[in-house]
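Below is one structure, written out as C-alpha cells; comments come after it.
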Amino acid sequence: MLTGEDFAVLNEAYRGARAGQESINTVISKIYDEDLALDLNRQAVRFMAFENRIADKLREENQRPSGVSRMERAKNWTAIQANTLTNTSTEHMADMMIQGNAKAITELMRTVKKNQGAKREYCELAEELMDFEEKNISKLKSYLRERP
C-alpha cells in the first residue's frame, strides 16, 4: 500500500525527471555546440529512464503520477523562449540547464526531507535522481567560460 509520503516522494521525482526531459527537448533545437547537444541528449535519455521507472513503481500500486500541469509546462516553455530570445550561446544554454537541475534537486530534497516516513526504496530512487542531476551540473560546468 502506497502511503501519502511514498506518493509525495515518487511524484516529485517523476515531476523532476519529466521537467528535465521537457526542458532539454525545448532547448535542444537552439543549441549549436555539438558536444553540448550530445550531452543533453544523453541526459534526456536518462531522465526518460527515471520517468519510466518511477511511473512503473506508481502503476504497481495502482497510482498515476500527477506530473507537471499544463500551466506549469507552458510557463516553463515561455521562460525558456524568453531566456533564449537574444542569447543562445553555449555558455548561456549550459547555465540555464545548470539552474534547472539545481532547482529540481532542491525541490526533490525538500520533498524527501518533508516525507521521511516514505519507504527507503523510494527515497533511494529519489537520491539516485538527485545524484544524476548533480553529475549533470558538473558536466555542464565544463561549458562555462572563466570570467576575467
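Minimum interatomic distance between R73 and E22 (heavy atoms only, all atoms of both residues): CD-OE1, 3.0 Å. Of all heavy-atom pairs between M97 and S23, the closest is CE-CB, 4.2 Å. What you find for L36 and D33 is that their closest heavy atoms are N-OD1, 2.9 Å. Here the shortest heavy-atom pairing between I24 and A44 reads CD1-N, 3.7 Å. Taking each heavy atom of A118 and V9 in turn, the nearest pair found is CB-CG2, 3.8 Å. Between A104 and E133 the shortest heavy-atom distance is CB-OE2, 3.3 Å.
T106 pairs in a side-chain contact (heavy atoms from CB on, under 4.5 Å) with only one of the listed residues (R110, M109, K103), which is R110.
Within the 4.5 Å cutoff, side-chain heavy atoms of M96 are placed close to those of T84.
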inquiry  = Assess the residue pair L2 and L58 against the criterion (side chain to side chain contact (heavy atoms under 4.5 Å, CB included)); give the C-alpha distance rounded to whole Å, side-chain angles, the decisive distance to 0.1 Å, and a yes or no.
reply    = CA-CA 8 Å; L2 201 64; L58 288 165; 3.8 Å; yes
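For F47, the ring pair (Phe, Tyr, Trp, His ring centres under 6.0 Å) partners are F132, not counting sequence neighbours.
A salt bridge does not link E72 with K75: none of the charged nitrogens is closer than 4.0 Å to a carboxylate oxygen. In summary, E60 and K57 do not engage in a salt bridge, as defined by a charged side-chain N under 4.0 Å from a carboxylate O.
Checking side-chain atoms of H92 against main-chain N and O of N83 turns up a donor-acceptor pair under 3.5 Å. A distance-only check finds a donor-acceptor pair linking the side chain of D6 to the backbone of T3 [under 3.5 Å].
Between the side chains of D95 and Q99, a donor-acceptor pair is found at a separation under 3.5 Å. Side-chain contact annotation: T88 with K30, donor-acceptor N/O pair under 3.5 Å absent. Counting only N and O atoms by type, the side chains of K135 and Q43 include no donor and acceptor under 3.5 Å apart. For the residue pair D39/Y143, the side-chain donor-acceptor check at 3.5 Å is satisfied.
No more than 12 heavy atoms of other residues, nucleotides or ligands sit less than 6.0 Å from atom NZ of K139.
Annotation: the span from E51 atom CD to D56 atom CG amounts to 10.5 Å, rounded to 0.5 Å. For the atom pair CD1 of I54 and CD of E12, the computed distance is 10.0 Å after rounding to the nearest 0.5 Å. Here the OG-CG distance, from S142 to L140, works out to 7.0 Å after rounding to the nearest 0.5 Å. Rounding to the nearest 0.5 angstrom, the gap separating the CH2 atom in W77 from the OG1 atom in T26 is 8.5 Å. N76 CG to Q81 CD: the interatomic distance, rounded to the nearest 0.5 Å, is 11.5 Å. Note that the CD1 atom of I80 and the CG atom of L85 stand 13.5 Å from one another [nearest 0.5 Å].
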Can you give each donor-acceptor pair under 3.5 Å made by side-chain atoms of residues 123-131, sequence neighbours left out, with the distance rounded to 0.1 Å?
| unit_1 | atom_1 | unit_2 | atom_2 | d |
| --- | --- | --- | --- | --- |
| E128 | OE1 | R53 | NH2 | 3.1 |
| E128 | OE2 | R53 | NH1 | 2.9 |

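By the criterion of side-chain heavy atoms lying less than 4.5 angstrom apart, applied directly or through intervening Ile, Leu, Val, Met, Phe, Trp or Tyr residues, I28 is grouped together with I98 in one hydrophobic cluster. Cluster membership for L38 and V27, using ILVMFWY side-chain heavy atoms within less than 4.5 angstrom, is not shared. Linking ILVMFWY side-chain heavy atoms closer than 4.5 Å, directly or via other members, places M48 and V45 in two distinct hydrophobic clusters. Follow the hydrophobic side-chain contacts under 4.5 Å out from I137 and you reach L144 in the same cluster.
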